[in-house]
Structure formats: structure tokens, C-alpha cells
Amino acid sequence: MIEFIIKYWLEILFTAVTTGVIYMLKEYVGVKNGVKALLRNEIVRIYENYSKLGYCPSYMKENVSLIYSNYHKLGGNGYATNLMKEIYRLPDVLKDGDRNEKDFERQFSW
């Protein structure tokens, strides 16, 4: 047995290293896709909440911009890009006459 290992040690080592690299690559791709899905979901959630309110504060626009930047770096685009444009079209604040009690309740019923 030891003679076999000594004779074929390079092949055994190469197989072990290759198996490890493939495993790590699969794990990396899985984590990358999971994080991308979570970031896209957060953009969608922010869009839905603030589009119902009819406005989006500037601090939230900055926050969603950072989320989108990381989402885009992971290879995401398309649908979330359109939602970003819609979020930026929302006004920063509502005028006093535009808000009522239902808007206030909706804002805090996530």
C-alpha cells in the first residue's frame, strides 16, 4: 500500500487539491447567488413600501443606492435597475396635505 501511495503520490495530491477547489468554487457560487437574491429582495421591499407611501426620504434613497451598487457588483441587473429608477422618481417628502392617518399606519406596518 505504501509503495502504491509513493508511486502515485502526485496523482493523489492533484486529485485531492482539484476536489477541494471544485468544492470551494461551488460554495462560493452558492453564497454569491444567495446574497444577490437577498439584495434584490431588499430593493423590491423598499420599492413596494415607499411607492405605497408616495415618497421616499433621501436617506433611504442613499441606502438603496448602496444596496444596488453591491447587487450590481454581484452581476445583478434588469428588474432591480427599473425599481431603482422608480424609487428615485419618488419625492423626498410629502406636503402636509398629502398625508393622512392610513399613510402613517402603512409606513409602520412592515
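Note that the structure is a prediction, hence the values are computed from the model and not measured.
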Item to complete: Only pairs at least two apart or in different chains count here, so list each salt bridge (charged side-chain N to carboxylate O under 4.0 Å, His left out) that has a residue in residues 67-91.
Response: E86-R89
Item to complete: Name all residues meeting the side-chain contact (heavy atoms from CB on, under 4.5 Å) criterion together with L66; count only those two or more places apart in sequence or in a different chain, and write none if there are none.
Response: none
Can you list, pair by pair, the side-chain donor-acceptor contacts under 3.5 Å of residues 14-21, counting residues two or more places apart and other chains?
from	atom 1	to	atom 2	distance (Å)
T15	OG1	E11	O	2.8
T18	OG1	F14	O	2.7
T19	OG1	T15	O	2.8

Worksheet, complete the sentence: Applied to residues 65-92, the ring pair (Phe, Tyr, Trp, His ring centres under 6.0 Å) test, sequence neighbours excluded, yields Y68-H72
Would you give me the side-chain donor-acceptor pairs under 3.5 Å for residues 36-44, sequence neighbours excluded?
from	atom 1	to	atom 2	distance (Å)
E42	OE1	R45	NE	3.2
E42	OE2	R45	NH2	2.5

Discussion item. With rounding to the nearest 0.5 angstrom, report the CD1 to CG distance, I67 to N63.
Written reply: 4.5 Å
Worksheet item: Measuring from C56:SG to N49:CG, what's the distance to the nearest 0.5 Å?
Response: 10.0 Å
Practice prompt. Can you run down the ring pair (Phe, Tyr, Trp, His ring centres under 6.0 Å) pairs that involve residues 18-48, sequence neighbours left out, and say none if there aren't any?
Written response: none
Practice prompt. Name all pairs fulfilling the salt bridge (charged side-chain N to carboxylate O under 4.0 Å, His left out) condition that reach into residues 56-68, sequence neighbours left out, sorted by first residue then second.
Written response: K61-D92
Worksheet entry | Partner residues of P57 under the side-chain contact (heavy atoms from CB on, under 4.5 Å) criterion, sequence neighbours left out | Y50, Y55, Y59, M60
Practice prompt. Taking salt bridge (Lys or Arg N to Asp or Glu O under 4.0 Å) as the test, write out the residues that go with K32, two or more places apart.
Written response: none
Worksheet item: Quick one: side-chain contact (heavy atoms from CB on, under 4.5 Å) partners of K26, sequence neighbours excluded?
Response: I22
